[in-house]
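Not measured: the values here are computed from a predicted model. Chain naming here is simple, since letters A, B, ... match the order of the sequence lines and numbering starts at 1 in each.
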Amino acid sequence: MSTPRGVTGSILTSSTDGAAQTATAPFGHALVRAAEKNPRIVGLTADLGKYTDIHVFADKFPARFFQMGMAEQSLVGCACGLARTGYVPFATTYAVFATRRAYDFIAIGAALGRANVKIIAGLPGLTTGYGGTHQGIEDLALMRSIPNLTVIDPCDATEVAQATQVIADYDGPVYMRLLRGIVPVVLDEKTHRFEIGRAKLLRDGPDVAIISTGLMTGRALEAAAELASTGVNAAVLHVATIKPFDRESVAALMARVPCVVTAENHVVTGGLGSAVADLAVEAGLRVRLRKVGIPDVFCESGSIPYLVRRYTMGAPDIAAAAREVLR
Amino acid sequence: MKTLPPAADLRQIRQRAHTMRRHVLHMAEIVGQGYVGQGLGIADLLATLYFGELRHDPKNPAWPDRDRFVLSIGHYAIGLYAAVAEAGIIPLAELDTYGADGSRLEMSAPETTPGVELTGGSLGHGLTQSVGMALGLRLDGKSARVFNLLSDGECQEGSTWEAAMAGAHHGLENLFAFIDCNNQQADGPPSKVMGLEPLHKKWEAFGWHTQRINGNDPAAILAALAAAKAVTGRPHAIVLDTLMGRGVPLFEQREKNHFIRVAPEEWAVARSQLGEAAP
């Protein structure tokens with residue numbers, strides 16, 4: 001099978017969840033569009049250009065692209081230095097390497113200094129079957145605890161593309177999870193509008209609220225449709241920005257439903273579920289809560305469909321959690 | 001008005017270095033302790049750079065075409081404050097607030113203070129960001145240069161070598177790294193803590209144009225800068241052998257001089273050893 005142009009190599013092909021509609025390398029193409037308008041945008045990678053879709057930008061703007069080799073501290077530090085000379089650097093690697101290897105550089109170089117750096121992190125959560133070394137399962141918890149940093153987990157190709165333009169225009173450090181290669185389209189680009197710090201109510205319902213982020217929102221919508229067929233009306237609130245957290249929208253929704261399910265492509269400690277639970281308690285809301293996400297383990301390697309079942313991360317698992325919390 | 005590098009006047013540089021050492025003692029005496037050895041040891045380099053090499057505008061520290069002086073080693077702040085005060089970037093009187101609660105002259109230099117390009121202190125950051133600055137300035141077609149001050153101990157951080165590779169790979173001839181070898185880190189001399197030598201050969205092997213000189217001799221520093229600027233296509237490493245506490249024998253001879261605790265009666269001795277006028 002040949003690999004289409006602009007698509008990540010076949011060894012680590014994306015899982016598209018059987019989506020009816022997909023888009024290819026939405027980040028790379030969106031970055032090119034943003035860079036055509038803004039000559040200050042530059043790109044960097046740590047030997048993962050082909051695997052983070054930034055090769056699309058590198059092909060188009062070779063003079064504005066810097067290969068940093070397998071050196072993530074240097075990648076992030078160099079991006080901060082470029083930002084300090086007025087550039088808008090987009091630095092790509094995998095989530096595990098950005099957050100585990102270059103944490104201090106993100107915290108001090110980018111966040112403390114409010115450098116205008118965009119860190120684009122591939123293979124979030126269970127989007128690779130490569131095992132614990134490559135699955136970025138706790139990055140949101142790490143990133144969300146850093147002051148000044150904006151943290152984004154987009155849902156699909158539409159949102160990856162929109163968010164790329166929005167963060168290019170935003171002046172400040174951003175950590176964004178990347179869906180790469182062939183990416184499902186869940187949200188309608190004509191009606192959806194990504195905004196930093198704003199959760200979006202994608203579906204309303206009085207029985208249970210599913211509060212989701214990242215690719216889990218697609219599964220949450222599937223779960224909501226399945227629940228509706230059995231008479232349970234679920235709301236789906238998509239929280240693409242993990243930080244700053246849209247407390248108002250989340251609290252307003254929780255105030256009018258008896259129970260909540262959170263769904264995240266991340267361990268259930270320290271991510272979206274924890275943020276929602278914190279808020280519920282702080283706001284004095286009496287809701288029953290179930291968290292769908294990766295349990296407190298390093299995951300095996302294997303095919304994505306196998307892993308999604310193994311770690312109960314699919315749409316049926318979200319629906320099951322909703323039924324359980326409704327009981 | 002932009003300050004262009006004045007014709008290097010060695011006498012003036014030595015006088016400035018001496019005055020900066022007096023500022024260092026003054027600041028350290030107020031807090032009673034601190035990184036006095038580093039401030040005294042690096043005064044010759046800072047005086048040479050600020051009064052013989054750097055293009056900057058004291059009235060506009062953010063001038064986009066300025067040369068960048070990047071302090072990796074945040075704890076050398078006491079030396080940097082002396083230099084930027086002497087250069088007119090911050091008021092001399094402000095040195096009285098060094099290390100005080102609420103002062104912008106924190107013991108480890110924060111980038112919110114004028115004249116401080118970035119927040120160092122977590123060692124191994126400065127050179128990575130300097131590489132980015134040098135790339136950005138080159139991309140802009142500016143002639144501005146980046147001068148990074150690292151320490152010998154900082155060369156134990158892996159990120160220093162990641163950045164060293166990147167600087168050479170990208171051929172950053174507008175990037176200069178000074179490595180202050182004062183032979184003292186928190187737990188003792190590097191040879192005991194984690195050996196580094198031959199340090200200059202490591203920089204050479206990483207593809208940098210490398211020199212090793214007496215870092216307490218402004219004439220040697222000026223000559224090394226001249227030699228470095230004649231080399232194109234490569235970044236420049238200037239390894240400085242310096243004496244901690246230079247100019248104050250009381251501190252030069254102190255065995256544990258990474259963070260010096262000073263008895264109240266010792267300050268008068270230190271001041272008198274340094275002297276009123278430059279030697």
Novice: Does Arg198(A) CZ have over 12 foreign heavy atoms under 6.0 Å away?
Specialist: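 Open: at most 12 neighbouring heavy atoms sit under 6.0 Å from CZ of Arg198(A).
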
Novice: Please look at Val42(A) and chain B and tell me whether the side chain, the backbone, both or neither of the residue comes under 4.5 angstrom of a heavy atom of that chain.
Specialist: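 Just the side chain, heavy atoms under 4.5 Å.
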
Novice: So which residue, Gly77(A), Pro89(A), Ala115(A), Gly86(A), ends up with the most heavy-atom pairs under 4.5 Å with chain B?
Specialist: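 Option with the top pair count is Gly77(A).
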
Novice: Which answer fits Ala83(A), side chain, backbone, both or neither, if we ask what part of it has an atom under 4.5 Å from a heavy atom of chain B?
Specialist: neither

Novice: Can you classify the ring geometry of Phe105(A) versus His125(B) as parallel (below 30°), tilted (30 to 60°) or perpendicular (above 60°)?
Specialist: parallel

Novice: Find the distance between SG (Cys78(A)) and CD (Gln129(B)) and round it off to the nearest 0.5 Å.
Specialist: 9.5 Å

Novice: Select one option (side chain, backbone, both, neither) describing which atoms of Ser130(B) are under 4.5 Å from chain A's heavy atoms.
Specialist: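 Answer is neither: Ser130(B) stays 4.5 Å or more from chain A.
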
Novice: How long is the span from the CD atom in Glu162(B) to the CD atom in Glu72(A), to the nearest 0.5 Å?
Specialist: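 Interatomic distance, Glu162(B) CD to Glu72(A) CD, rounded to 0.5 Å: 7.0 Å.
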
Novice: For Phe259(B), does the CZ atom have more than 12 heavy-atom neighbours from other residues, nucleotides or ligands under 6.0 Å away?
Specialist: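 Yes, the 6.0 Å shell around CZ holds more than 12 heavy atoms from other groups.
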
Novice: About how many Å separate CD of Gln73(A) and OG1 of Thr160(B), when rounded to the nearest 0.5 Å?
Specialist: 9.0 Å

Novice: How close do Ala166(B) and Ser74(A) get, counting heavy atoms only, and between which atoms?
Specialist: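 Residues Ala166(B) and Ser74(A), closest heavy atoms: CB-OG, 3.9 Å.
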
Novice: Applying a heavy-atom distance below 4.5 Å, give me the residues of residues 162-176 of chain A that approach chain B, sorted by number.
Specialist: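 Under the 4.5 Å heavy-atom cut-off, nothing qualifies.
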
Novice: Considering residues, nucleotides and ligands other than Lys229(B), do more than 12 of their heavy atoms fall under 6.0 Å from its NZ?
Specialist: yes

Novice: Around atom CZ of Arg101(A), are there more than 12 heavy atoms of other residues, nucleotides or ligands at under 6.0 Å?
Specialist: no

Novice: Evaluate whether atom NZ of Lys60(A) has more than 12 neighbouring non-hydrogen atoms of other residues, nucleotides or ligands under 6.0 angstrom away.
Specialist: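 No.
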
Novice: Sort by residue number and list every residue of residues 132-141 of chain B having at least one heavy atom under 4.5 Å from chain A.
Specialist: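 The residues closer than 4.5 Å to chain A, in numerical order, are Gly132(B), Met133(B), Leu135(B), Gly136(B), Leu137(B), Leu139(B), Asp140(B).
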
Novice: Counting only heavy atoms from other residues, nucleotides and ligands, does the tally under 6.0 Å from CZ of Arg114(A) exceed 12?
Specialist: no

Novice: Quick one, Leu112(A) with Glu111(B), criterion side-chain contact (heavy atoms from CB on, under 4.5 Å). Give me CA distance, side-chain angles, the key distance, then yes/no.
Specialist: CA-CA 9 Å; Leu112(A) 183 148; Glu111(B) 60 198 83; 4.0 Å; yes

Novice: As an exercise, state the distance from OG1 of Thr85(A) to CZ of Arg68(B), rounded to the nearest 0.5 Å.
Specialist: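 That separation rounds to 7.0 Å.
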
Novice: Test your reading of the model: is there a side-chain donor-acceptor pair from His170(B) to the backbone of Gln67(A), 3.5 Å cut-off?
Specialist: yes

Novice: Around atom CG of Asp187(B), are there more than 12 heavy atoms from other residues, nucleotides or ligands closer than 6.0 Å?
Specialist: no

Novice: How many angstroms lie between atom CD1 of Ile108(A) and atom OG of Ser122(B), to the nearest 0.5 angstrom?
Specialist: 6.0 Å

